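See below for the structure under consideration.
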Amino acid sequence: MADYDLTSRIAPHFDRHLVFPLLEFLQERELYANDEILKAKIQLLSHTNMVDYAMDIHKALYHTEDVPQAMVDRRVEVVARLKSLEESAAPLISFLQDANLVQELRPDRQYNIQMLQDRFQIGADQIEALYQYAKFQFECGNYSGAADYLYQYRALCTNSERSLSALWGKLAAEILMQNWDIALEELNRLKEIIDSKSFSSPLNHLQNRIWLMHWSLFIFFNHENGRNSIIDLFFQDRYLNAIQTNAPHLLRYVATAVIVNKRRRNMLKELVKVIQQEQQCYKDPITELIESLYVNYDFDGAQKKLKECEQVILNDPFLGKRVEDSNFTTVPLRDEFLENARLFIFETYCRIHRCIDISVLAEKLNLNMTHDEALVWITNLIRNSKLEAKIDAVSGTVTMPVVHQNVHEQIIEAMKNLNMRTYLLAKNITEPAQAAQASR
Amino acid sequence: MASRFWTQGGDSDTEEEEEENSEYDGSDAEQPAGDNSGAAAGSRYLRGQASDSDDSDGQHRVVKSARDKRFDEMAATVDQMKNAMKINDWVSLQESFEKINKQLEKVVRVTESVKVPNLYIKALVMLEDFLAQALANKDAKKKMSSSNAKALNSMKQKLKKNNKQYEEIIAKYREMPESEDDGTADEDEESDSEVEEDPSKIVMSDEENEDDDDDDEDGHDEATEGDGVWERKMSKKDKLMDKQFMKDPSEITWDIVNQKLKEIVAARGKKGTGRVEQVEQLTFLTRVAKTPAQKLEILFSVISSQFDINPSLLGHMPINVWKKCVGNMLLALDILEQYPNIVVDDTVEPEENETQKGADHNGTIRVWGNLVAFLDRLDSEFFKSLQCIDPYTREYVERLRDEPLFFVIAQNVQDYLERIGDFKASSKVALRRLELIYYKPQEVYDAMRKLAEQTGTEDGLGNGDESEKNLSMEENRGPPVFVSIPELVPRKPTFSESSRALVDALVSLIYSYGDERTKARAMLCDIYHHAIFDEFSIARDLLLMSHLQDGIQLMDISSQILFNRVMAQLGLCAFRAGLIQEAHGCLFELYQGGRVKELLAQGFSQNRYHEKTPEQEKAERRRQMPYHMHINLELLEATHLISAMLLEVPNMAATAYDPKRKPISKTFRRLLEVSERQTFMGPPESVRDHVMAATRALSKGDYQKAFDVISSLEIWKLLRNCDSILQMVKSKIKEEALRTYLFAFASCYDSLSLEQLTSMFDLSKAHAHSIVSKMMVMEELQASWDQPTKCLVFHNLEQTRLQSLLFQMADKLVILAENNERAFEVRTGGGLEGLPPKRREGQDYTAYGANRWQDNSASGVSQGRQGSGYGGRLGYNGRTGGSAQAGAGSRGAGGHYGSMGRTSYRATAMRASQVEGFAGMVNLSRAGRI
């Protein structure tokens, strides 16, 4: 079932630390051999400073108590570096820890720097050291510390490049601490900077957008309002282009978000277009579901795909998030997805049919229920006024009445705003003339 | 007798012999007009000279030159005679005859020979023949003017008298003109390809050079003697060269060679300098060059003078010269390979004596030259030769076989440039290579690869042609080459297994180092190549991401042609992949103006209204594609028309009574109208007829007949997997037939079962269901399924006449209101404030569009797709908001769309009026949607 696993495709767009949750998820799902994942973890850690953790994993993996010399050496090195960084950043940190002193900082950055320089002999070197120290903290896995320092660094920093990378660091730290609200704020800030900043090369710009989108997946599928935001973000032209150019696999998340989000149906048309364009590059059951439903009108195909979708969602680290509810776990997104997808299928099916056999309908909708249950389901829909239909209980069918707009209504509709337009036009023409006359 | 270098090879072995063997000379002296014997005669004379007055160099010189002069004069007179014959001018013929007789005396005196020169005999024979002919033709004789007739008569007598003296020789000549004619034949050949040389020039330089020679008196006798042996059969410069190399090699100094080089180079381009001769001189110098650097310097001069041989812009360089040039390039590369400290540079003027530094010199030696320029020139000459040669001849094929030869050079130059780290230049070379292979499908590529390998094994050299043989022959002859260079660079091109790999390698190099134009062209080639290999989506993405269609209007014409070719190929590719909409989008612009041939540079199109000036015509001729690069126009036309048919027929059926809807392909509509106007319908002949016949069948829903007509086209054989493509076409035709049928006859049905539909159009149930469902969803068809009975139930919405008239009126009112608003906008230059939302939106988009495009250019790749997704919208905005913008004269949208329009390159098209500009936008919006 690892067919549709995207981890290897999305991992390059993440920070090392952000890949951890993904690996944890994979380990839990047991899609791959445990050893493989552990090895991947060690590899991942080899460039971070979380040496202790790497050692633990190593022990677990090889069932030994020995650790390779390289790791031990690295640990010593890391500790030494931590010391030196701590020292160099000490003056500024001590300043920042004093709440009274921090009060004196003002929104004016230049003033702050000047003041620090004059009163505390804290210059550019110390500020730089703060950044390095924060980065180091992050590398060590101390995300909350890193987030704090980076926040303060941003207040003092003058270099826009540095400020940007500090922001990225802050975002990563917040994500890892699962502070979704703050992370969302940081994300929006970052997005603004990326959109307004001029990058050295278009490719660079593109890369930044793609990173942003990948990182945002963490937030959007965890934050309560994330499902709206993801559509807002991903459907912006630039971001949609970026997806199409370099990261078509993100279409899975876009498609899921659109299906799940009832209020954003209007995006569907655009989504279908994009999916159709990219079908050469990327394909998974979720996009195929949409394709067979809205391009080929192949309901049997859609039904098959729907079954596969369930597995895909369960195995996706972002979509398959579990919620422990007292005794049993559920995957809220899966249920929502299935429900909505069914509605989609049903809706489209009804649109082109005048009369449907209920048992066929139940089968098409992939509902494992009897005729009666399907009847109830449909009745509910009709009652909630989502569907204009009548059930013919004798023949066991649902009939949809055909409604056509009255010809007269159509004509009135067509000419409705002509009056207003002409009036405005006349006003616009006569007004300057009158004004001219008046002035004369 | 001009230079005789053609026979040098043969003569070289006898040189020693002749020197010692005087009897041999004597016996040969009987026929001084012959080639060898001519030399011998000269030598005998000169030998006498030498022994008489070994110190009188000047005299020696003069005599030599005088002798040649006489021959030249004589040849000139013969030419005059020929001219006179052509126009039947006996008066001047008579004069020439007298002149030649006088000259004969001089020649005989100079050569001290009893034998009359061959040239003279030939002239006599010619005259005799012509005279006989003129006398036989009584009518013509009567028509002659009196003076002419008189001259003819006197000529008759004189010639008779004169010819008596040479009866024997003439008879002999007539018997076997071939054997006797060697020398002259050679000469003729030369004079075909080269400009007449000026002997005095050479004499001058010889004399100058004599000063150098004066120093070595001791070796002089021998040297002059050697000269004597040589001079008759060798050109002047060879004479000199020989004299120089006859000396002990150690005595030739760098200075001598350098001076000589400068002298020759200075003569370049001057009037009267023989171009071929110059090449020969320089070639010789390369062999006596003292240092590798000098050799290289001379080689460069050789190459550039070889390029000079063909002065015309239209004609191409003679093929043998081209090949020699390739050989020289290889030699130059060998030198560069062996002596890495030699640097070729054309930016800095090297120091005076830079090339004096020997092979053992440490540090860099700068030599002036530009390998890339040479290579460019070679390539364009190759291209030109292919343009000129008739593609249906064997010659063309032969010429095509030289392609690997060029490839080898290009490869070596590129390797060299990469080695010295000049990636910018190497990207240019890579582009040249790319342009040789981008249009080749895998089969052709394989064939070329095989050819290259074959010839490679034959003689260990990529070509095995004349030039190399000549080269080796020259190498064998005479002096040892001072600076011998082993063949270091590979003489065989290496091709990777698949052309894709090669293209990828070249393209990635170009993308990282090339300049804008190189990159754009490489991108186009890349797209073209992808399209050939049926990778439509990749090709499309590349095209859209590169934004080439925006700027192509501003690029040079040859790139525009390339762009058009790419679009054509992309259309074909889309068609093969069954993407009808896309194929039509790519192709219809090409066919819009009816100038496909011109747009693809595959021929000329006649324009009734616009006469081309000769300059335009010439320029057009120069940019023609060689035949082997052509895209099959019939196939292209068939593709275009079939895709237009598949789109247009259902569209016509759907909108038969709806004047509002626009035709998808105006070109197709026009053709259809023309064919419908015909009184009698013959069986289809051309591609167009076939498609029209198919269209008629299809519009009745008769898919089988439509397909039969289409599949009877010949062109399908040209396609690689024609079966599967025909299958695709068949299924598309079925689909469209179904759609057309439903559109046309929906009003006649109340219900229609799915089974009936499937049996009518031979479609699977699922397929038919899917097509019909789609039509319902798109609201093209007012119907719905009845699931239990599997029936299609139509909801007929008949409008009364009054109602439909009302609709029309409503539409017209909307148009009126829009027109009013537009007029107001044009007048005021600004939009209306309180416009209804729809209109305002349009304007916003325009502004937004302009911004977005600017943004695009700033962020290139990332925004690649916008053009694709929103092309349609952009086009629309351009139309509505465009007038306002144009009024304000803003460049933003209007200018942009203009550039996006058709990629025609004629100046007339550039002057497209604003209306046309807008039309262009709309067009492109379609093309952009692919």
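Convention: sequence-line order gives letters A, B, ...; per-chain numbering from 1. Please read these numbers as outputs of a predicted model, since none were measured by experiment. Note: hydrogens, waters and symmetry copies are ignored here, and every other heavy atom, side chains too, is used.
Counting heavy-atom pairs closer than 4.5 Å to chain B, the top residue among A:D298, A:T348, A:I429 is A:I429. Contact tally against chain A (heavy-atom pairs below 4.5 Å) for B:T789, B:I771, B:V793, B:I538: the top residue is B:V793. Interface summary for chain A: among B:V777, B:L792, B:L816, the most heavy-atom pairs under 4.5 angstrom belong to B:V777.
For B:P788 against A:T397, the heavy-atom pair with the smallest separation is CG-CG2, 3.8 Å. A:Y297 and B:S773 make their closest contact through CB-CB, 3.7 Å (heavy atoms, listed as atom of the first residue, atom of the second, distance). The nearest pair of heavy atoms linking A:R354 to B:S784 is CB-OG, 3.4 Å. Scanning both residues, B:Q787 and A:D357, for their nearest heavy atoms gives OE1-N, 2.7 Å.
Applying side chain to side chain contact (heavy atoms under 4.5 Å, CB included) to B:E821 and the options A:L424, A:L425, A:T422 leaves one that passes, A:L425.
Residue A:L418 touches chain B through its side chain alone, counting heavy-atom pairs closer than 4.5 Å. Of the two parts of B:A810, the backbone and the side chain both hold a non-hydrogen atom closer than 4.5 Å to a non-hydrogen atom of chain A. Using a 4.5 Å cut-off between heavy atoms, A:F299 touches chain B through its side chain atoms alone. Residue contact with chain B, scored on non-hydrogen atoms closer than 4.5 Å, is absent for A:V274.
Among residues two or more places apart in sequence or in another chain, the side chain to side chain donor-acceptor pair (under 3.5 Å) test is passed with A:H13 by none.
Within a 6.0 Å sphere centred on NZ of A:K304, other residues, nucleotides and ligands contribute 12 heavy atoms or fewer. No more than 12 heavy-atom neighbours from other residues, nucleotides or ligands sit within 6.0 angstrom of CD on B:E516. Other residues, nucleotides and ligands place no more than 12 heavy atoms under 6.0 Å from the OH atom of A:Y423. The environment of A:N266 atom CG is dense: over 12 non-hydrogen atoms of other residues, nucleotides or ligands sit within 6.0 angstrom.
For the pair A:R351/B:M776, no side-chain contact is recorded, criterion being any heavy-atom separation below 4.5 Å from C-beta on. Using a 4.5 Å cut-off on side-chain heavy atoms (C-beta onward), B:E818 and A:R421 make contact.
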Would A:M415 and B:L813 count as a side chain to side chain contact (heavy atoms under 4.5 Å, CB included) here? Give the steps. CA-CA 8 Å; A:M415 314 229 267; B:L813 281 175; 3.7 Å; yes

Worked verdict on B:R540 versus A:Q277 for side chain to side chain contact (heavy atoms under 4.5 Å, CB included): CA-CA 10 Å; B:R540 175 201 63 187; A:Q277 261 176 26; 4.1 Å; yes

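Taken from NE2 in B:H769 to CG in A:N296, the straight-line distance is 12.5 Å, to the nearest 0.5 Å.
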